[in-house]
Amino acid sequence: MTGTQDAKQIKIFDTTLRDGEQSPGASMTLEEKLRIAEMLEDMGVDVIEAGFPIASNGDFESVREVAKIIDKSIICGLARSGLKDIDRAWEALTHAKRPRIHTFISTSPVHMKHKLQMSPEEVLEAVVESVTHARNLCGDVEWSAEDATRTEWDFLCKCVDAAIRCGATTINIPDTVGYATPEEYGKLIADLIATIPNSDKAVFSTHCHNDLGLAVANSLAGIANGAGQIECTINGIGERAGNAALEEIVMALQVRGDRMPYATGVVSQQLTAASRLVSNATGFPVQYNKAIVGKNAFAHESGIHQDGMLKHTETYEIMTPESVGVHQSSLVMGKHSGRHAFRKKIEEMGFDLGPNAIQDAFVRFKELADRKKQIYDEDIVALVSDEMLRGQEKIRLVSLAVVAGTKGPQQATLSLDVDGEVRDTTATGNGPVDAIFNAIHELYPHQANLQLYQVHAVTEGTDAQAEVSVRLEQNGKAVTGQGADPDTLVASARAYVNALNRLLVKRDKTAPVALTATV
């Protein structure tokens with residue numbers, strides 16, 4: 001946990017399952033959401049925003065099922081100011097032991113004019129009506145002024161004052177478009193608390209987006225000026241450039257308690273495991289130099305840095321790897337390693353696989369070890385992550401053979417298992433990857449458009465595993481699939497098939513674009 005006993009306690013509100021999933025291509029299954037919710041509760045997160053119940057039946061079910069299994073954390077459902085939205089959120093929260101309704105409406109001139117097409121008077125009336133209705137249903141109500149940082153000061157004060165008078169227990173001041181600077185945002189929080197007569201009756205909250213890369217800095221400025229809650233996501237995922245990153249906030253408070261005397265209830269040793277879990281579920285890789293949880297966060301290549309580290313770790317590390325769940329010492333894995341050692345290794349890395357998945361992953365590990373001279377941690381992460389993505393596949397890669405070279409056309413012979421039926425074909429293309437994708441399209445016809453094809457080596461060397469990312473888009477829905485294999489072409493096929501499976505999952509969601517919340 002961060003901070004000391006004398007430090008002010010800050011609530012951590014995690015919106016990975018709601019705002020995080022709104023990242024294009026970041027769709028998660030119900031099982032993945034439940035697993036993430038359980039980890040968030042184990043970590044000590046105070047509030048879990050589980051979804052936007054009226055957006056789709058899938059979102060409603062997610063909030064309802066999360067509410068059933070979580071005991072300690074507050075479970076929150078998002079709702080616009082309409083009474084039907086609020087009623088739907090409350091219906092989804094019926095089983096929650098600690099429910100919260102989170103209702104919002106835009107307050108900035110540009111949003112009111114072009115998005116809502118409502119006058120300020122109508123918006124203020126909606127604030128009163130929505131918060132009153134929500135409070136009659138639930139004792140814990142959060143109200144948000146969408147695009148608060150571009151809202152006229154006097155009108156923002158009126159709306160906040162009205163929300164508190166009507167029973168809101170938390171007031172969220174979102175920097176919805178990531179426009180504010182830390183000085184501006186901190187002053188806005190301080191001025192609101194000083195100006196609103198009944199500000200002491202509610203907890204003020206931050207919700208900062210990262211369009212200018214200032215989300216974490218703005219959030220910290222908010223609590224330095226009186227906010228008592230920070231809204232954030234694992235790995236900083238979210239709309240556009242994302243949200244404030246939970247792991248960065250937690251560790252900033254822990255490491256710099258001398259300048260920021262605040263504490264959270266988050267167990268920092270679980271941050272890396274949570275990062276990997278969310279990355280696996282969304283298909284979004286964590287950038288290597290990502291603060292706290294990136295692959296290189298505790299890596300040292302420079303000779304000068306290595307010399308300093310050998311003499312004293314604090315020369316180049318301001319926190320220990322163990323403090324965020326990274327193990328400095330690890331088992332050396334190779335083709336002679338046994339199943340028990342493999343199981344222990346993946347547990348240390350934060351993965352939780354069932355017996356069958358462990359066995360399948362171990363078989364693939366042994367195959368990889370026979371093909372590679374040296375196995376790195378990143379190889380195992382890519383392998384196990386790929387295995388976890390196979391859980392509920394409608395389409396599965398059976399076999400692939402490719403003919404490539406300077407003389408074309410390049411050719412791919414492919415077998416896919418589609419709903420238990422094995423289908424075979426041979427296709428040509430402008431290059432081996434194009435041939436593979438054409439073959440997949442022949443075996444499983446679809447209208448999805450390829451938006452991204454990206455390859456990177458998981459480790460160094462000519463025998464490195466390739467990790468491929470593929471983004472597909474269909475009817476405005478985008479998903480990202482990943483695949484890993486020492487053979488780049490096999491990894492490409494796996495990534496494309498994985499993206500198709502994710503698209504099929506997302507196709508079942510019925511949320512129209514208009515219901516996307518950008519608080």
Side-chain angles (χ1 to χ4, degrees), residues 14-29 31-40 42-43 45 210 232-239 241-248 250-251 268-299 324-327 346-353 357 361 376-391 452 454-459 465-471 478-484 491 494-495 498-499 501-502 505-506:
D14 182 275
T15 184
T16 301
L17 300 181
R18 197 277 299 172
D19 200 329
E21 198 193 22
Q22 289 177 193
S23 301
S27 178
M28 291 175 265
T29 66
E31 290 72 19
E32 289 167 337
K33 289 185 176 183
L34 294 176
R35 194 157 61 241
I36 291 170
E38 288 177 324
M39 171 156 272
L40 292 174
D42 289 342
M43 285 174 58
V45 166
N210 207 38
C232 46
T233 61
I234 300 295
N235 296 335
I237 64 171
E239 291 276 6
N243 291 270
L246 182 149
E247 61 278 359
E248 295 177 25
V250 167
M251 293 311 295
S268 65
Q269 289 80 2
Q270 296 188 33
L271 291 174
T272 297
S275 169
R276 288 171 176 163
L277 180 60
V278 170
S279 178
N280 293 336
T282 59
F284 279 25
V286 178
Q287 69 187 65
Y288 280 16
N289 64 330
K290 170 75 172 65
I292 315 302
V293 294
K295 171 188 173 183
N296 292 342
F298 295 95
V324 299
V326 176
H327 298 273
I346 64 175
E347 287 174 354
E348 287 178 350
M349 288 179 161
F351 292 105
D352 182 17
L353 300 182
Y376 296 89
D377 283 2
E378 291 78 15
D379 288 313
I380 298 173
V381 170
L383 185 150
V384 176
S385 299
D386 191 48
E387 190 63 39
M388 292 176 71
L389 295 174
R390 297 181 173 202
L452 171 74
Q454 181 173 294
V455 182
H456 76 268
V458 175
T459 54
Q465 275 206 104
E467 191 169 82
V468 177
S469 296
V470 167
R471 181 178 296 163
V479 297
T480 302
Q482 288 182 298
R494 291 188 191 281
N498 179 250
N501 280 308
R502 288 183 177 277
V505 171
K506 193 159 188 172

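Along the sequence shown, residues carry numbers from 1.
- With rounding to the nearest 0.5 angstrom, the OG atom of Ser268 is 5.0 Å from the CE atom of Met251.
- For the side-chain hydrogen bond (donor to acceptor under 3.5 Å, both in side chains) test, no residue two or more places apart in sequence or in another chain qualifies with Thr233.
- Taking CG of Leu271 as the reference point, atom CD1 of Ile234 lies at 7.0 Å (rounded to 0.5 Å).
- Scored by the salt bridge (Lys or Arg N to Asp or Glu O under 4.0 Å) test, Glu248 finds Lys290 as partners (sequence neighbours excluded).
- Between the side chain of Asn243 and the backbone N or O of Ile237 there is at least one donor-acceptor pair closer than 3.5 Å.
- Judged by distance alone, with hydrogens and angles left aside, the side-chain atoms of Asn280 form a donor-acceptor pair with the main-chain N or O of Arg276 at under 3.5 Å.
- A heavy-atom distance below 4.5 Å is found between the side chains of Phe284 and Thr480.
- Each of Leu246, Ile292, Leu277, Val293 was scored for a side-chain contact (heavy atoms from CB on, under 4.5 Å) with Asn235, with one residue passing: Val293.
- Proximity of Val479 to Arg471: side-chain heavy atoms (C-beta onward) are nowhere separated by under 4.5 Å.
- Side-chain atoms of Glu21 never come within 3.5 Å of backbone atoms of Thr16 as a donor-acceptor pair (strictly under, hydrogens ignored).
- Using a distance-only test at 3.5 Å, with no hydrogens or angles considered, no donor-acceptor pair links the side chain of Ser279 to the main chain of Ser275.
- With 3.5 Å as the limit, one finds a donor-acceptor pair spanning the side chains of Arg502 and Asn498.
- Closest non-hydrogen pair, Ala466 versus Ala491, comes out as O-CB, 3.7 Å.
- Nearest approach of Gln270 to Met43, heavy atoms of both residues: OE1-CG, 3.4 Å.
- By the side-chain contact (heavy atoms from CB on, under 4.5 Å) test, Ala37 pairs with Leu17, Val66, Ile70, sequence neighbours left out.
- Looking at Ser23, its side chain never comes within 3.5 Å of a backbone N or O of Ala26 through a donor-acceptor pair.
- The shortest heavy-atom contact between Val470 and Ala495 is CG2-CB, 3.7 Å.
- Shown here are the side-chain hydrogen bond (donor to acceptor under 3.5 Å, both in side chains) partners of Gln454, two or more places apart in sequence or in another chain: there are none.
- Note that CD of Glu32 and OG of Ser27 are 8.0 Å apart. Values are rounded to the nearest 0.5 Å.
- Between Gln22 and Asp19 the shortest side-chain heavy-atom distance falls below 4.5 Å.
- Counting all heavy atoms, side chain and backbone alike, Cys232 lies closest to Ala244 at CB-O, 3.1 Å.
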